[in-house]
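Below is one structure, written out as structure tokens, with a few remarks after it.
First listed ligand is number 1; within each ligand, the first listed atom is number 1.
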Amino acid sequence: MRIIRSIRGLQTWRRKHENQKIGFVPTMGALHEGHLSLIRQARKQCRIVVVSIFVNPLQFSPTEDLSRYPRPVKSDQQLCREAGVDLIFWPSSEEFYPKDFQTSVTVSQLSQRWEGEARPTHFEGVTTVVAKLLCLIRPAQSYFGQKDYQQLLVIKHMVQDLNVDTKIVRCPTIRESDGLALSSRNRYLSESQRRSSTVLSAALKQGVKSIKHYVIDVRKIKNNMQEVLRKTSGISVEYLAVCDAKTLDPLKSVRGEVVLLGAIQIGSIRLIDNMLVKLPSMN
Ligand code: PAF
């Protein structure tokens, strides 16, 4: 497994692998089973697997603590090696964003709602870093987790708008056995917060159950989900929404494929999760 830290080094490496099918997994490190599932999927489908590890400062707001983001360098390296990664692109911030860096990439509408309301500069940071990584790595396939569903749609839209020649592969959310979606931020939860954290997936599951029982009125579905959330103290709900799975428009009644989105705050930790569901056919 190679580790490349410079842009120039990556470009040289890329020119030597012109005709090979590259699968790319962008990460901010602190790798967990969720990332490893993306890497495994890429390993199955592509000749070469590239992982980037870069804690992207552009996607953190001044109130979010960039310096506190976990950076377990040794274990990340070890996990990549064990998962059969061919190359880690691991640049420093100075290398990736030199002093005169001026460009940003914005997906204007899709980036504004839900996560975009809570974190107004977040998606611009994500699309800018991912656009740059895709230009450098030029992968045939790029792997993203469903866990960050809005991010996945925003990136798909960017790739479509900019005619980037990569296929975005959506990989399922990996969960703990009690339902909590894996996230690098889960490690900040105290024991009691960890116990409360399962309420978000439980509420979304309740929403899925309602829809599978043909409840199509979104007010009723949301009531059912809120009832689950009310049972846990010490959390505040940021948003809970039933949306069109492609546009993220909030719905009044369920039609086609929908995504249930939720964000809660436990102490200083924000958790997001989502579930996709289709109204079952009547026959
Ligand atoms: O999902 C993430 O870890 C990040 O947003 C990404 C896609 C690696 C961009 O920094």
Side-chain angles (χ1 to χ4, degrees), residues 7 10 22-39 41-42 49-61 64-73 75-76 79-80 83 85 87-93 95-97 101 103-107 110-111 114-116 118-137 139 141-159 162 164 166-175 181-188 261 263 269-274:
I7 303 266
L10 183 63
I22 296 180
F24 173 46
V25 181
T27 81
M28 298 209 296
L31 303 181
H32 51 64
E33 198 49 42
H35 300 108
L36 295 179
S37 72
L38 307 183
I39 295 173
Q41 178 93 346
V49 176
V50 178
V51 169
S52 63
I53 297 182
F54 180 57
V55 184
N56 174 33
L58 292 190
Q59 67 191 77
F60 289 76
S61 76
E64 294 167 332
D65 194 354
L66 169 67
S67 62
R68 225 183 121 219
Y69 198 85
R71 290 167 173 84
V73 173
S75 76
D76 280 353
L79 287 169
C80 283
V85 170
L87 168 69
I88 305 180
F89 177 50
W90 207 329
S92 66
S93 224
E95 174 73 10
F96 203 73
Y97 297 124
F101 186 80
T103 302
S104 59
V105 178
T106 312
V107 176
L110 205 47
S111 296
W114 314 123
E115 280 306 282
R119 309 173 74 192
T121 56
H122 173 69
F123 284 123
E124 184 169 297
V126 171
T127 37
T128 301
V129 75
V130 173
K132 229 169 115 74
L133 289 165
L134 293 177
C135 285
L136 284 163
I137 294 159
Q141 309 209 148
S142 306
Y143 295 80
F144 291 86
Q146 187 193 313
K147 158 74 174 51
D148 295 302
Y149 189 73
Q150 189 175 2
Q151 165 173 286
L152 175 84
L153 289 196
V154 166
I155 288 167
K156 267 191 164 175
H157 218 291
M158 173 191 79
V159 160
L162 299 181
V164 183
T166 191
K167 180 178 172 203
I168 303 296
V169 182
R170 181 182 88 203
C171 301
T173 304
I174 306 296
R175 298 179 182 280
L182 295 198
S183 161
S184 305
R185 289 191 164 93
N186 292 352
R187 65 185 73 193
Y188 298 137
L261 298 175
I269 301 151
R270 266 187 101 240
L271 296 179
I272 61 169
D273 198 355
N274 67 84

Test item: E64 side-chain N/O and S61 main-chain N/O as donor-acceptor pair under 3.5 Å: yes
Expected output: side-chain E95 to main-chain I7 donor-acceptor under 3.5 Å: yes
Find out whether S52 and K132 are in side-chain contact, i.e. whether some heavy atom of one side chain is under 4.5 Å from a heavy atom of the other. no
Classify the ring geometry between F60 and Y69 as parallel (under 30°), tilted (30 to 60°) or perpendicular (over 60°). perpendicular
For ligand 1, find each of its N or O atoms that sits under 3.5 Å from a protein N or O atom, and tabulate the pairs with distances to one decimal place.
unit_1: ligand 1; atom_1: 1 (O); unit_2: Q151; atom_2: NE2; d: 2.8
unit_1: ligand 1; atom_1: 5 (O); unit_2: Q59; atom_2: NE2; d: 2.9
unit_1: ligand 1; atom_1: 5 (O); unit_2: Q151; atom_2: OE1; d: 2.8
unit_1: ligand 1; atom_1: 10 (O); unit_2: Q59; atom_2: OE1; d: 2.7

Would Y149 and T173 count as a side-chain contact (heavy atoms from CB on, under 4.5 Å) here? Give the steps. CA-CA 9 Å; Y149 189 73; T173 304; over 6 Å; no
When rounded to the nearest 0.5 angstrom, what distance separates CG in L87 from CD1 in I137? 7.5 Å
